Structure formats: structure tokens, C-alpha cells
Amino acid sequence: MGNSYCIAVKPDGFLYGLGRNEYGQIGNIGFLNSSRFVNTALKPKKVYTFWLSSAIILEDDSFCLTGFNAYGQLGLGDTTNREHIVTGK
């Protein structure tokens with residue numbers, strides 16, 4: 001659980017997010033808050049939440065990042081907040 005948002009794996013194995021999303025931290029397109037769980041269409045192995053960003057490790061060990069990035073903390077080489085999930089290896 002992050003700062004006023006939550007991402008969780010439901011019994012179907014998919015990752016869902018809800019709550020504050022002004023920096024894209026729940027991973028749905030657009031910076032819209034959500035009062036209902038939104039399916040990210042990802043099946044994670046591990047999930048990490050931070051203050052206003054999230055990191056997801058997938059079964060194939062690739063990773064996904066989303067959310068607040070004003071200081072470059074997502075490690076993507078810039079300071080752009082991510083409103084959608086960005087994948088990498």
C-alpha cells in the first residue's frame with residue numbers, strides 16, 4: 001500500500017489498483033483517481049509500492065514501473081511521471 005492508494009493481486013492472479021492516482025501510481029491510463037479496483041492486465045510475481053510510485057516484477061523477471069518520478073527514482077533516465085505502466089528488462 002502506498003500513500004492513499006493500493007495495488008493488490010486478486011485471486012485471478014491479476015494486479016489491480018485503486019485510490020489516488022494523480023501521478024499514475026495505480027497504473028491505469030490517465031491521472032484519474034479510482035474508487036474501484038482497476039485491472040492492470042499484469043500477472044506479477046512481486047509487487048512493491050512506494051510513496052507515490054509502484055514497481056512490479058513479472059513471472060519472466062521483467063519489471064514494470066509507474067507513478068511519481070520527479071527525482072528520477074523510477075530509474076528511466078528522466079523525471080517524467082508515468083501515468084501508465086512502463087516495462088523493462
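Note that the structure is predicted; figures quoted are calculated from it, not measured. Here, residue 1 is the first one in the sequence, and each next residue gets the next number.
- Linking Ile, Leu, Val, Met, Phe, Trp and Tyr residues whenever their side-chain heavy atoms come within less than 4.5 Å places V47 and I85 in a single cluster.
- Residue N21 comes nearest to I26 through the heavy atom pair OD1-N, 2.9 Å, listed as atom of the first residue, atom of the second, then distance.
- Environment of NZ in K46: sparse, with no more than 12 heavy atoms of neighbouring residues, nucleotides or ligands closer than 6.0 Å.
- Side chains of Y5 and S54: a donor-acceptor N/O pair is present below 3.5 angstrom, by distance only.
- Under the 4.0 Å criterion applied to side-chain N and carboxylate O atoms, K43 and D12 are not assigned as salt-bridge partners.
- The shortest non-hydrogen separation linking Y71 to F68 is CE1-CE2, 3.9 Å.
- Put simply, the side chain of I56 reaches to within 4.5 Å of the side chain of P44, judged on heavy atoms.
- With a 4.5 Å cut-off on side-chain heavy atoms, R82 and L65 do not count as touching.
- The side chain to side chain contact (heavy atoms under 4.5 Å, CB included) with L15 is formed by just one residue from the set L58, T40, N39; it is T40.
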field: C6 vs L18, side chain to side chain contact (heavy atoms under 4.5 Å, CB included): CA-CA, chis, key distance, verdict
entry: CA-CA 5 Å; C6 175; L18 93 148; 4.0 Å; yes

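- Ring geometry for Y48 versus F50: interplanar angle under 30°, hence parallel rather than tilted (30 to 60°).
- By the criterion of side-chain heavy atoms lying less than 4.5 angstrom apart, applied directly or through intervening Ile, Leu, Val, Met, Phe, Trp or Tyr residues, I7 is not grouped with V38; the two fall into different hydrophobic clusters.
- Taking both residues in full, the closest heavy atoms of R20 and Q25 are given as O-NE2, 3.2 Å, listed atom of the first, atom of the second, then distance.
- In the hydrophobic clustering of this structure, V9 does not group with Y16; members are Ile, Leu, Val, Met, Phe, Trp, Tyr whose side-chain heavy atoms approach within less than 4.5 Å, directly or through other members.
- Between G24 and T66, the shortest heavy-atom distance links the atoms O-OG1, 2.7 Å.
- At a threshold of 4.5 Å between non-hydrogen side-chain atoms, the residues F37 and K10 count as touching.
- The closest side-chain heavy-atom distance from C64 to L42 is below 4.5 Å.
- Between A70 and N81, the shortest heavy-atom distance links the atoms N-OD1, 3.6 Å.
- The minimum heavy-atom distance between G67 and L74, with the atom names listed, is O-CD1, 3.7 Å.
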